[in-house]
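Heads up: the structure comes next, in structure tokens.
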There are 2 protein chains.
Amino acid sequence: MMNNRNKNDEYIVIVGCGRLGSHLARLLSKARKSVVVIDKNEGAFHRLGDDFSGFTIEADAIEIDSLLQAKINKADVVVTTTNDDNTNILIAQIAKIIYKVPKVIARLFEPSRQQVYEELGIETLCPTILSAIELKNIIVGDKMEV
Amino acid sequence: MMNNRNKNDEYIVIVGCGRLGSHLARLLSKARKSVVVIDKNEGAFHRLGDDFSGFTIEADAIEIDSLLQAKINKADVVVTTTNDDNTNILIAQIAKIIYKVPKVIARLFEPSRQQVYEELGIETLCPTILSAIELKNIIVGDKMEV
């Protein structure tokens with residue numbers, strides 16, 4: 001069923017409304033995606049700003065009930081962005097293995113176990129590695145003409 | 001004088017040897033760049049690994065003496081990567097304004113003042129924004145064929 005949806009119907013669940021989760025939610029909202037953000041701290045949702053068109057759920061995403069409230073079983077994409085790697089990976093595994101979410105991405109601070117998760121079908125994104133590569137490209141790519 | 005240097009002679013000072021600073025230092029070392037890393041905590045240098053070919057200086061980069069010890073006046077690039085935005089910006093300004101370092105990049109957690117720094121000629125890199133954009137591209141760019 002989900003495979004028949006087109007891009008515009010995609011339903012995205014973001015776990016964690018810190019800097020990364022909220023910024024991503026705003027970008028996706030601007031791109032007219034259906035987005036739900038879960039955070040256990042209601043105050044975190046102010047980061048979404050006034051023009052955020054998605055939904056918010058104040059709940060602990062570690063609890064299955066919270067994930068069901070967010071309709072994780074109907075999600076096309078789940079992104080876990082909390083500040084805790086273990087939480088991100090646990091929820092990513094629940095999304096992938098129990099609820100068969102087609103695309104699951106976990107933010108990781110420490111990428112040492114990255115390969116294990118990717119073997120489970122969970123993509124990982126490490127802001128540190130991404131930033132280091134970007135900086136390296138800025139530095140090494142620069143002055144190519146000299 | 002510095003403008004006559006070619007790419008391979010570039011001298012890069014990295015302030016902060018946390019996850020980002022150390023990862024960047026390793027990438028640049030692997031690219032055969034001359035790199036010096038400053039951190040006030042000697043224990044941080046273990047992150048560089050055994051194959052790091054650059055130099056390390058255990059010092060507080062807020063002090064001018066430490067920066068001179070790192071030969072900041074001869075640097076082509078200075079990157080500030082500590083966990084404190086104010087520290088990163090302060091050292092970036094010293095590098096740019098006092099020592100006329102041609103390329104200065106500061107890591108910022110809160111990019112709200114980004115524009116001000118870019119007007120001063122200091123590039124900024126915000127790992128959160130970079131990561132949010134990358135995630136958005138993964139999500140929105142996916143299933144283009146549907």
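Treat the numbers as computed from the prediction; the structure is a model and nothing was measured. Here is how names work: the chains are called A, B, and so on, in the same order as the sequence lines, proteins then strands, and each is numbered from 1.
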Using heavy atoms and a sub-4.5 Å threshold, report which of [range] line up against chain A, by residue number.
{"range": "residues 37-49 of chain B", "result": "none"}
{"range": "residues 18-26 of chain B", "result": "B:Arg19, B:Leu20, B:His23, B:Leu24"}
{"range": "residues 122-135 of chain B", "result": "B:Glu123, B:Leu125, B:Pro127, B:Thr128, B:Ile129, B:Leu130, B:Ser131, B:Ala132, B:Ile133, B:Glu134, B:Leu135"}

Would [X] end up clustered with [Y] when hydrophobic side chains under 4.5 Å apart are linked, directly or stepwise?
{"X": "A:Phe109", "Y": "A:Val79", "result": "no"}
{"X": "B:Val104", "Y": "B:Leu68", "result": "yes"}
{"X": "A:Val101", "Y": "A:Leu120", "result": "yes"}
{"X": "B:Leu27", "Y": "B:Phe52", "result": "no"}
{"X": "A:Ile64", "Y": "A:Ile89", "result": "yes"}

Within 6.0 Å of CZ in B:Phe55, more than 12 heavy atoms from elsewhere: no
Taking atom CD of A:Gln115 as the centre, does the number of heavy atoms from other residues, nucleotides or ligands within less than 6.0 Å exceed 12? no
Taking only residues two or more places apart in sequence, or in another chain, which ones meet A:Ile98 in a side-chain contact (heavy atoms from CB on, under 4.5 Å)? A:Ile94
Under the side-chain contact (heavy atoms from CB on, under 4.5 Å) test against B:Val77, which residue among A:Ile139, A:Val140, A:Ile138 passes? A:Ile139
